[in-house]
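Notes for the one structure printed next.
Just so it is clear, the values below take in all heavy atoms, side chains as well, and ignore hydrogens, waters and symmetry mates. Small disclaimer: the values here were computed from a predicted structure and weren't measured. Each ligand, and each atom within it, is numbered from 1 in the order the structure gives.
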Amino acid sequence: MPTPDPFRAIEISRLAHQLKAEGRDVIHMEFGQPSTGAPAAAIAVAHRVLDADPMGYWESPALRERIARHYADSYGVKVDPARIILTCGASPALVLALSSAFRAGDRLALARPGYVAYRNTLKALGFQPVELACGPAERFQVTAAQIAAMDPAPAGLIIASPANPTGTIITPPELAAIARVCRERGIRIVSDEIYHGLSYGEPARSILEFEPTALVINSFSKYFSMVAWRLGWLVSPADLTAAARAYVGNLFLTAPSLSQHAGLAAMDCTAELDGHVDVYRRNRALLLEALPRLGLASIAPPDGAFYIWADIGHLTDDSLAFCGRLLRDTGVATAPGVDFDPVDGHRFIRFSFAVSTPQIEEAIRRLEPWFAARTMEAA
Ligand SMILES: Cc1ncc(COP(=O)(O)O)c(C=O)c1O
């Protein structure tokens, strides 16, 4: 079994925590994790359950039904709750999706840049990732034309919209075109919808609106601000549900019971959670206004998620060393592009703006003179 590539943002985070322990004021923009915590009603439910329920292995029928209702309410799609499998986050949901839908050796297409774990999970499970270079012209997303041109056709396609690390959203017509090409060519789609709920223009559409046989993974880690509760789900097509259930039983048993109770309450905390999205919207606007002043003009304005993917090729060809120096000098932690793109990522960094607005303002204050000095250095 090949050893997966390391997640290098973890190295940056480790350094950030070390600097913090030494008394430095660190702003954590290296990971995509809300700093807000679970919604108040979810925490209240968790307190009640802890006091009253010894808990055990369990899958909440009420939560599966509530998630099914979410598909009807948000996307106009009917999903049988029996097809929803609760997991410990999107990460195991991805493992279930891949294990149940594909056979060892299968080729799966995906965008480069993309979330680091896709490539590594595919390799760890014995599949072949086929990374399609997606630049600013494609807004860093796979296109139907790229899929149509693949010879031979891959067995599967992984899409993420909004995406990590760019935040870009695949437009509805393009999503429809991708679904059409995949149907014609017998390509099974896995859609990572973990950043749904976090969009700054039109809301992202679910692949299930266009392709009912797709597999969808999602999680409580992002919009619901419950990253550490380790709760997510897979929507499995009817023909793969038995296989996905067999895998979840063997590999993971069940998602944490406490989290399932809390997650059910969180799904009705829209006003509080949309308040977090308003903060991200302000943070995004502040960064989009500031980054060009820093000389970072080549950025893809994110339609959703909480990331900005910035080209720093005029300053360095070693994004990991660059992030390390930036952190040491300013206390601002960012993620090196090499995590998301093994070919061109050496000249990109990713900013996460899932922090408070005062922290974003402070980060910009520190970044401005630092980038000015680097620009002078490079001239
Ligand atoms: C695109 C994407 N998918 C999946 C995950 C994993 O999320 P979870 O915490 O639900 O396992 C992440 C985490 O950052 C992500 O960015």
Inset, instruction - Quick one: look up the protein heavy atom nearest atom 16 (O) of ligand 1 and list residue, atom name and how far away it is. - result: Tyr195 OH, 2.6 Å
Legend entry - Candidate pair Glu362 and Arg365, rule salt bridge (Lys or Arg N to Asp or Glu O under 4.0 Å), full reasoning: CA-CA 5 Å; Glu362 176 57 23; Arg365 257 193 301 278; 3.1 Å; yes
Inset, instruction - Report yes or no: does Glu211 contribute a side-chain atom to a donor-acceptor pair with the main-chain N or O of Thr213 at less than 3.5 Å? - result: yes
Legend entry - Carboxylate-amine/guanidinium contact Arg188 Asp239, below 4.0 Å: yes
Legend entry - Trp229, Phe340, Tyr115: member with heavy atom nearest to atom 5 (C) of ligand 1: Tyr115
Inset, instruction - Enumerate the atoms of ligand 1 whose separation from the nearest heavy atom of Lys222 is less than 4.0 angstrom. - result: 13 (C), 14 (O)
Inset, instruction - With atom 11 (O) of ligand 1 as the reference point, say which of Ser91, Ala117, Pro92 has the nearest heavy atom. - result: Ser91
Inset, instruction - Among Asp341, Asp317, Asp318, Asp311, find the residue that satisfies the side chain to side chain donor-acceptor pair (under 3.5 Å) test when tested with Arg347. - result: Asp311
Inset, instruction - Start with the C-alpha distance between Tyr200 and Tyr280, add both sets of side-chain angles, then the distance that settles ring pair (Phe, Tyr, Trp, His ring centres under 6.0 Å), and finish with yes or no. - result: CA-CA 9 Å; Tyr200 308 107; Tyr280 305 145; 7.5 Å; no
Legend entry - Between Ser206 and Glu209, a side-chain donor and acceptor under 3.5 Å: no
Inset, instruction - Determine, using heavy atoms of Phe220 and all atoms of ligand 1, whether some pair is separated by less than 4.0 Å. - result: no
Inset, instruction - List the closest protein heavy-atom neighbour of atom 3 (N) of ligand 1: residue, atom name, distance to the nearest 0.1 Å. - result: Asp192 OD2, 2.6 Å
Legend entry - Proximal ligand 1 atoms for Tyr118, defined as those under 4.0 Å from one of its heavy atoms: 1 (C)
Legend entry - Geometric N/O contact Ser219 with ligand 1, under 3.5 angstrom: yes
Legend entry - Protein contact to atom 7 (O) of ligand 1 [nearest heavy atom, distance to 0.1 Å]: Ile194 CD1, 3.2 Å
Inset, instruction - Compute both the distance and the angle, then confirm whether Arg374 meets the cation-pi test with Trp370: under 6.0 Å from the six-membered ring centre, within 45 degrees of the axis. - result: yes
Inset, instruction - Please check if any side-chain donor atom of Tyr118 sits under 3.5 Å from a side-chain acceptor atom of Asp192, or the reverse. - result: yes
Legend entry - Residue-ligand contact Arg230/ligand 1, heavy atom below 4.0 Å: yes
Inset, instruction - Report the part of Ser221 in contact with ligand 1, treating N, CA, C, O as backbone and CB onward as side chain, heavy atoms under 4.0 Å; options are side chain, backbone, both, neither. - result: side chain
Legend entry - N/O separation below 3.5 Å, Ala90 to ligand 1: yes
